[in-house]
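Excluded from the calculations below are hydrogen atoms, water molecules and symmetry mates; all remaining heavy atoms, backbone and side chain alike, are included.
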Amino acid sequence: MEKDPRVIKTKKAIEDAFISLVELKGYSSVKMVDIAKKARVNRNTIYLHYNSKEEIISSIISNSFVKELTDFELEQYVKSRFNRFKLEKLFTAFFTLIDKNADLYRILLLEDSLIGFFNSSIKRIKKALMKYFKNTPRNGMVIEYILFGIFGIINSYTVYASGTIQENAKLVTDLTMSCLRRIQL
């Protein structure tokens with residue numbers, strides 16, 4: 001991971017420019033030269049850090065979502081048998097993260113060509129969760145059902161501004177708790 005403040009600042013400028021342009025023009029219309037102009041960097045500077053737009057979006061997702069998701073320490077929730085209070089606290093933190101990066105998630109959800117990034121994220125999360133449960137087809141389907149339910153609620157929250165952080169955290173907690181009764185540990 002880069003520690004040089006100049007590199008961090010440059011990457012942030014590139015990623016912010018990318019998000020701004022995708023919101024304005026749509027993912028498929030954004031060109032690397034547009035990103036360079038908006039970020040006020042040379043196009044070659046972009047290629048020092050990213051090979052493609054896909055790498056930029058992957059970096060943004062990794063930095064804003066995947067990295068922070070690991071901070072949630074899922075194992076403690078599994079070991080506590082998904083205590084309702086702890087789970088709601090987890091989902092409140094999760095929706096706070098979503099809210100903090102609302103523009104990014106709105107882009108990912110509204111841009112048809114980017115929906116694959118969410119699907120691949122769901123697969124990674126499912127894989128991470130399955131290590132805590134018996135690896136059975138039923139458990140896999142229940143976990144996937146929960147994740148796609150959460151995905152739907154995230155979609156409503158970010159795209160349609162449906163509910164508050166607390167309301168959505170409670171809704172996701174209720175969904176998850178009802179489904180987890182069907183999981184074999």
* To do: Supply the atom-to-atom distance N51 CG to S58 OG, rounded to the nearest 0.5 angstrom.
  => 11.5 Å
* **Any side-chain donor near an acceptor of the partner, T92 and Q166, under 3.5 Å** => no
* **I60 CD1 to K12 NZ distance, which is reported to the nearest 0.5 Å** => 9.5 Å
* Asked: Can you hop from L24 to I46 via hydrophobic side chains spaced under 4.5 Å?
  -> no
* Asked: Is any side-chain heavy atom of D4 closer than 4.5 Å to a side-chain heavy atom of I8?
  -> no
* **Polar side chain donor-acceptor pair, Y50 to E15, under 3.5 angstrom** => yes
* Distance-only side-chain donor-acceptor flag, N155 / Y160, under 3.5 Å -> no
* Asked: Is the shortest heavy-atom distance from the side chain of K38 to the side chain of S20 under 4.5 Å?
  -> yes
* To do: Mind checking the CG-CD1 spacing from N168 to I153? Nearest 0.5 Å is all I need.
  => 6.5 Å
* Structure fact -> When every non-hydrogen atom of Y157 is compared with those of S162, the smallest separation belongs to CD1-O, 3.5 Å
* Do V7 and H49 have side-chain heavy atoms sitting under 4.5 Å apart? -> yes
* Structure fact -> Minimal heavy-atom distance between A39 and A13, with the atoms involved, is CB-O, 3.5 Å
* Asked: What is the distance from atom CG of L129 to atom CD1 of I146, rounded to the nearest 0.5 Å?
  -> 8.0 Å
* **Verify same cluster id: M141, F151 (apolar side-chain graph, 4.5 Å)** => no
* Asked: Is the shortest heavy-atom distance from the side chain of F133 to the side chain of V142 under 4.5 Å?
  -> no
* Structure fact -> Closest heavy-atom pair, K134 versus M130, reported as atoms and distance to 0.1 Å, is O-CE, 3.7 Å
* To do: For I35 and R43, run side-chain contact (heavy atoms from CB on, under 4.5 Å): C-alpha distance rounded to whole Å, both residues' side-chain angles, the deciding distance at 0.1 Å, then the answer.
  => CA-CA 8 Å; I35 299 166; R43 191 176 66 172; over 6 Å; no
* Any residue meeting side-chain contact (heavy atoms from CB on, under 4.5 Å) with S52, in chain and number order, not counting sequence neighbours -> E54, E55
* Asked: Would you say the side chain of I165 lies within less than 4.5 Å of the side chain of F91, judging by non-hydrogen atoms?
  -> no
* Less than 4.5 Å apart, any side-chain heavy atom of I150 and any of T176? -> yes
* Asked: Any side-chain heavy-atom pair from T96 and D99 closer than 4.5 angstrom?
  -> no
* To do: Check whether any side-chain heavy atom of F95 lies under 4.5 Å from a side-chain heavy atom of T164, and answer yes or no.
  => no
* Do the side chains of L48 and I57 join up, straight or via other hydrophobic residues, at under 4.5 Å, putting them in one cluster? -> no
* Asked: Do NZ/NE/NH1/NH2 and the carboxylate oxygens of D34 and K25 come within less than 4.0 Å?
  -> yes
* Structure fact -> The reported gap from CE in M32 to CG in N44 (rounded to nearest 0.5 angstrom) is 10.5 Å
* Asked: Is the NZ or CZ atom of K53 positioned over Y27's six-membered ring, under 6.0 angstrom from the centre and within 45° of the axis?
  -> yes
* Asked: When rounded to the nearest 0.5 angstrom, what distance separates CG in L175 from NZ in K170?
  -> 12.0 Å
